[in-house]
Amino acid sequence: MYSVVLDSVCKSYPNGAEPLVILDNASYQFETGKFYSVVGRSGLGKTTLVSIIGTVEKADSGSVIVCDHNLSDVNQKQITEIRRKHIGFVFQNFSLIERYSVLDNLEIPLYFAGIKNSSQRLKMIKDAINSVGIPENKLQKPVSTLSGGEKQRIAICRALINSPSVIIADEPTGNLDEENEQKIIQIFMDIKQQKNCTIIMVTHNLKIANKADVTVTLKNGKIVEADETK
Ligand SMILES: Nc1ncnc2c1ncn2[C@@H]1O[C@H](COP(=O)(O)OP(=O)(O)OP(=O)(O)O)[C@@H](O)[C@H]1O
Ligand SMILES: [Mg+2]
């Protein structure tokens with residue numbers, strides 16, 4: 001079973017006379033229930049790749065299938081729907097609203113996902129924070145009062161809260177110390193076990209990358225497994 005299938009995907013950016021080619025007929029299948037890391041030098045196209053998978057960037061050609069939906073066959077409204085339903089994002093800078101409480105930050109995506117019953121939302125939020133080791137007494141605290149590691153765990157909660165099939169994390173441990181880095185990776189490994197979701201994580205840290213089941217990188221516009229580059 002595959003959660004994400006790329007078939008002959010091309011993507012380039014305009015760049016003066018010669019376009020900057022990121023993907024050149026790249027094909028790859030991301031298996032359901034596997035943890036992938038994406039590595040490679042700065043500017044290689046890692047963020048572009050995960051943005052295409054996450055439906056926030058469009059491929060120029062080729063097919064991208066996310067949870068059985070071919071993104072070239074659906075309209076913008078359906079793409080937004082697929083993103084909401086199937087994909088969870090975690091970014092390096094957390095992208096939480098600092099002056100809002102932890103509860104508000106977690107409640108907003110649930111509200112937009114159509115969960116109108118507030119006690120149901122609260123139950124989902126409590127389950128999510130429990131799963132990442134954040135105590136319930138932090139719920140009313142503004143995000144600005146949390147540590148970097150706590151913020152990142154809340155950002156992961158927000159990504160997980162709708163039980164997405166694909167979790168995309170772009171350098172999720174970039175701002176954290178080693179202890180918190182380990183905690184975050186452990187959370188990803190636990191989530192993968194519990195939810196059987198696919199995790200695709202960009203990282204510069206090879207020690208972290210090696211914890212994933214499979215490490216991929218980009219080479220000549222193709223997606224290749226890291227062992228193949230050796
Ligand atoms: N919207 C855009 N328009 C033009 N060029 C872009 C655009 N987005 C990215 N690029 C270029 O594409 C290349 C790949 O960018 P990308 O952000 O995917 O790299 P990355 O591997 O994530 O790098 P980093 O490790 O620094 O985050 C870079 O050279 C970047 O300048
Ligand atoms: Mg990047």
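Counting starts at 1 for both ligands and their atoms, following the listed order.
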Let me check something: any side-chain donor-acceptor pairs from residues 54-69 under 3.5 Å, sequence neighbours excluded? List them with distances.
from, atom 1, to, atom 2, distance (Å)
Thr55, OG1, Arg83, NE, 2.8
Glu57, OE1, Lys11, NZ, 3.3
Glu57, OE2, Tyr13, OH, 3.2
Asp60, OD2, Ser12, N, 2.8

Subject >> Salt bridge present between Lys46 and Glu171 (N-O < 4.0 angstrom) >> reply: no

Original post:
Near the Mg ion (ligand 2), which protein N/O/S atoms fall under 2.8 Å?
Top reply: Thr47 OG1

Subject >> Numbered atoms of ligand 1 (with element) below 4.0 Å of Thr47, judged on heavy atoms >> reply: 17 (O), 18 (O), 20 (P), 22 (O), 27 (O)

**OP:** Quick one: look up the protein heavy atom nearest atom 26 (O) of ligand 1 and list residue, atom name and how far away it is.
**Re:** Ser42 OG, 2.5 Å

Original post:
Who's the nearest protein heavy-atom neighbour of atom 23 (O) of ligand 1, and how far?
Top reply: Gly43 N, 2.8 Å

**OP:** Please confirm whether the backbone N or O of Pro109 pairs with a side-chain atom of Arg158, one donor and one acceptor, at under 3.5 Å?
**Re:** no

**OP:** Kindly work out whether a path of hydrophobic side-chain contacts (I/L/V/M/F/W/Y, heavy atoms less than 4.5 Å apart) joins Tyr2 to Ile199.
**Re:** no

Subject >> Six-ring centre of Phe35, Lys211 cation under 6.0 angstrom, axis tolerance 45° >> reply: no

**OP:** Show which atoms of ligand 1 fall inside a sub-4.0 Å distance from at least one heavy-atom site of His204.
**Re:** 25 (O)

Original post:
So, does Gln193 use its side chain to make a donor-acceptor pair with the main chain of Asp190 at under 3.5 Å?
Top reply: no

Original post:
Starting from atom 25 (O) of ligand 1, which protein heavy atom do you reach first, and at what distance in Å?
Top reply: Lys46 NZ, 2.7 Å

Subject >> Under 3.5 Å donor-acceptor, Asp170 side chain and Val202 backbone >> reply: no

**OP:** Note the single closest protein heavy atom to atom 5 (N) of ligand 1, along with its residue, its atom name and the distance in Å.
**Re:** Tyr13 CG, 3.4 Å

Subject >> Among Leu44, Thr48, Val39, closest by any non-hydrogen atom to atom 15 (O) of ligand 1 >> reply: Thr48

**OP:** Would you name the heavy atoms of Ile129 and Glu136 that are closest together and state the gap between them?
**Re:** CD1-CA, 3.7 Å

Subject >> Closest contact, heavy atoms only, Leu49 versus Leu218 >> reply: CD2-CD2, 4.4 Å

**OP:** Could you see which bit of Leu20 sits under 4.0 Å from ligand 1, with heavy atoms only: side chain, backbone, both or neither?
**Re:** side chain

Subject >> side-chain hydrogen bond (donor to acceptor under 3.5 Å, both in side chains) assessment of Thr198 paired with Thr32 >> reply: CA-CA 5 Å; Thr198 304; Thr32 304; 4.6 Å; no

Original post:
Is any heavy atom of the protein nearer than 4.0 Å to atom 3 (N) of ligand 1?
Top reply: yes

Original post:
Can you list the atoms of ligand 1 that are under 4.0 Å from a heavy atom of Gly45?
Top reply: 14 (C), 16 (P), 18 (O), 19 (O), 20 (P), 21 (O)

Original post:
Does Ile22 approach ligand 1 within less than 4.0 angstrom via side chain, backbone, both or neither, non-hydrogen atoms only?
Top reply: side chain

Original post:
Would you call Glu178 and Lys207 a salt bridge, using N to O less than 4.0 angstrom?
Top reply: yes

Subject >> Residue pair Asn180 / Asp177, side-chain donor-acceptor N/O under 3.5 Å >> reply: yes

Subject >> atom 9 (C) of ligand 1 protein-contacted (non-hydrogen atom, under 4.0 angstrom) >> reply: yes

